[in-house]
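Structure first, then comments.
All ligand and atom numbering here is 1-based and tracks the order in the structure. Quick note: residue numbers are just sequence positions, from 1. Any value given below was found using the heavy atoms of this structure, including those in side chains, with hydrogens, waters and symmetry copies removed. These numbers were taken from a predicted model, which means no experiment stands behind them.
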Amino acid sequence: MVYISNLSDHVDEEVTLKGWVYNYRSSGSLYFVEMRDGSGICQCVVAQDAVSEEAWEQTEALRQETSLEITGKVVEDERSIGGHELQVTDLKIYQVAEDYPITPKEHGVEFLMENRHLWLRSQKQWAAMRVRNEIIYAIHTFFQERGFVQMDAPIFTGNAAEGTTNLFETEYFDDHAYLTQSGQLYGEAMAMAHGLIYTFGPTFRAEKSKTRRHLTEFWMIEPEMAFYDLDMNMDLAEDFVRFIVKRVLDRRPKELEILERDTSKLRKTAEEGFPRISYTEAVEQLKSDDMATMLDQMVEDRKQEAEELENEREEIEKERGQAKKWRKAQIDERVIEIGKRLDEIDEDLRNIPDWRESALNFEWGEDFGGSDETLLTMKYDTPILVHRFPAAIKAFYMKRDPKDEKLALACDMLAPEGYGEIIGGSEREDDLDTLKKRINEHDLPEDVFQWYIDLRQYGSVPHSGFGLGLERTVAWLCGLDHVRETIPFPRMMGRLTP
Ligand code: 4AD
Ligand code: MG
């Protein structure tokens, strides 16, 4: 089989492509068919006098998403989508698709989510899944090249790793089980057997949060390393994320272009070190005069930008009346662009006062909200690492800072551009008695954790690990504003189908 992604190996040859009609237009005796075959899109030109009568009849029957095979000569064409064009000699339909529901016009997101099984075929969705795949490949490459062993944690569990408030409970014969929130605790047992391990599996959170960052089912990558302290953990997390970003920039430039991703900040992430600040420093930053000034400046900048855009729109709309057809089209496109940007500015102007308020009133000991994370990363182009959080807001298994018992040796990585937390991790409590004490303090049943406690009984060592949320990483790298587009079939509050 020849695939569109490999057409450069077949220039001037006749090939047969199998796929679907992505788009088409006709002008008299010519048809321009944009065909997609899963690997890419190629323009196929059907000239009535170059094909049989039967093939021409088939061509005239084409509809969007009709499945077909097309035979033709491959020619290089810079201007063409994908860089090649097919001069068609034959065409055969598998099935005509009548009334495909997703047309090139704009649809509402609810409609698209209802049709997720079809929406996956659209170009941006396709590109996002390609980036997701590249990230997955990069993750395995990174760890495998460094001697980590990939091991699987169970999905059915009898214990809670990340607090008991967001567990999905299910029947388990005469007993009940929980769907895992994290593979970490098992990861720790596996690290004591293999030294360096990582899990890569689905995790579940019954969070009643309808935000653009929350799924109820998401994929988490959790490395766990024997003999690593918090600093080594953060070094690894940083190298890991930089590696992923580099690979996606190197290997998926076309997809990022389809997604219209501005890659300037991602390029910095691929090259520069990530700043590290303590939670206490982060709180100081949030409450600082600098933060207030920055936000006030932001409001001013946004207002000015909006004014300039509105002026531009007024001018080109005046020009439109007398404009030539091509210029009209250009103007229409620009007007849509301006409208979108103005909506974004509007949203910012509505949000910024709330962000400012919540930042200035932030109290040491609280957990960061989404807007706090956005503000903390605003100064930077790369992700940042925040470490040493108040122990009271973190999980039972985290080791305390020997220099300050109120603090946990935890670290979160916050992505820039408003994407927020992508990694959560820590050094683990490795002392038997302290761990037992923590389990009791958190009102957790000691009996179901007995196996975990055993790890501190038989050859306990310092160890650390972290968890990367795959979907949040995909959203960030693709520049998508909601995690629902980062996984083939998202599961969220209020969404279980398709
Ligand atoms: O910070 P979290 O809860 O950390 C853990 O579960 C640790 N046990 C990890 C470890 O140390 N091995 O989750 C880790 C990451 C978050 O930073 C976020 O990227 C992602 O998982 N995540 C979610 N992604 C989508 N939807 C949700 N509801 C998520 N909850 C967490
Ligand atoms: Mg977290």
* Do any protein N, O or S atoms sit under 2.8 Å from the Mg ion (ligand 2), and which ones are they? ->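 Protein N/O/S atoms under 2.8 Å of the Mg ion (ligand 2): E421 OE2.
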
* Without swapping roles, check the side chain of R491 against the backbone of L215 for a donor-acceptor pair under 3.5 Å. =>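 Pair absent, no side-chain N/O of R491 close to backbone of L215.
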
* Asked: Do the charged groups of E337 and K340 touch, with an N to O distance under 4.0 Å?
  ->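 Answer for the salt bridge query: no.
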
* Answer yes when R242 and D239 have at least one side-chain N-carboxylate O distance shorter than 4.0 Å, and no when they do not. =>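 Between D239 and R242 there is a salt bridge, with a charged N closer than 4.0 Å to a carboxylate O.
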
* Asked: So among R388, K394, R276, which one has a salt bridge (Lys or Arg N to Asp or Glu O under 4.0 Å) with D412?
  ->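 Result for salt bridge (Lys or Arg N to Asp or Glu O under 4.0 Å) with D412: K394.
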
* Under 4.0 Å from ligand 1 - residues by heavy atom, chain and number ->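 For ligand 1, the contacting residues are E162, S182, Q184, R205, E207, R213, H214, L215, F218, M220, E222, Y397, E421, I422, I423, G424, G425, R428, G465, F466, G467, G469, R472.
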
* Asked: Would you call W119 and M113 a side-chain contact if the rule is heavy atoms closer than 4.5 Å?
  ->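 W119 reaches M113 side chain to side chain.
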
* To do: State whether F142 and R247 meet the cation-pi test: NZ (Lys) or CZ (Arg) under 6.0 Å from the six-membered ring centroid, and within 45° of the perpendicular axis.
  =>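 Checked: cation-pi criterion not met.
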
* Scan for salt bridge (charged side-chain N to carboxylate O under 4.0 Å, His left out) pairs involving residues 473-487, sequence neighbours excluded, and state none if there are none. =>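 Non-adjacent pairs meeting salt bridge (charged side-chain N to carboxylate O under 4.0 Å, His left out): zero.
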
* Asked: Partners of Y198 by ring-ring contact (aromatic ring centres under 6.0 Å, His included), sequence neighbours excluded?
  ->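 Partners of Y198 under the ring-ring contact (aromatic ring centres under 6.0 Å, His included) test: H140, F143.
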
* **Side-chain donor-acceptor contact under 3.5 Å, S182 with E222** =>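 Per modelled atom types, S182 and E222 side chains form a pair under 3.5 Å.
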
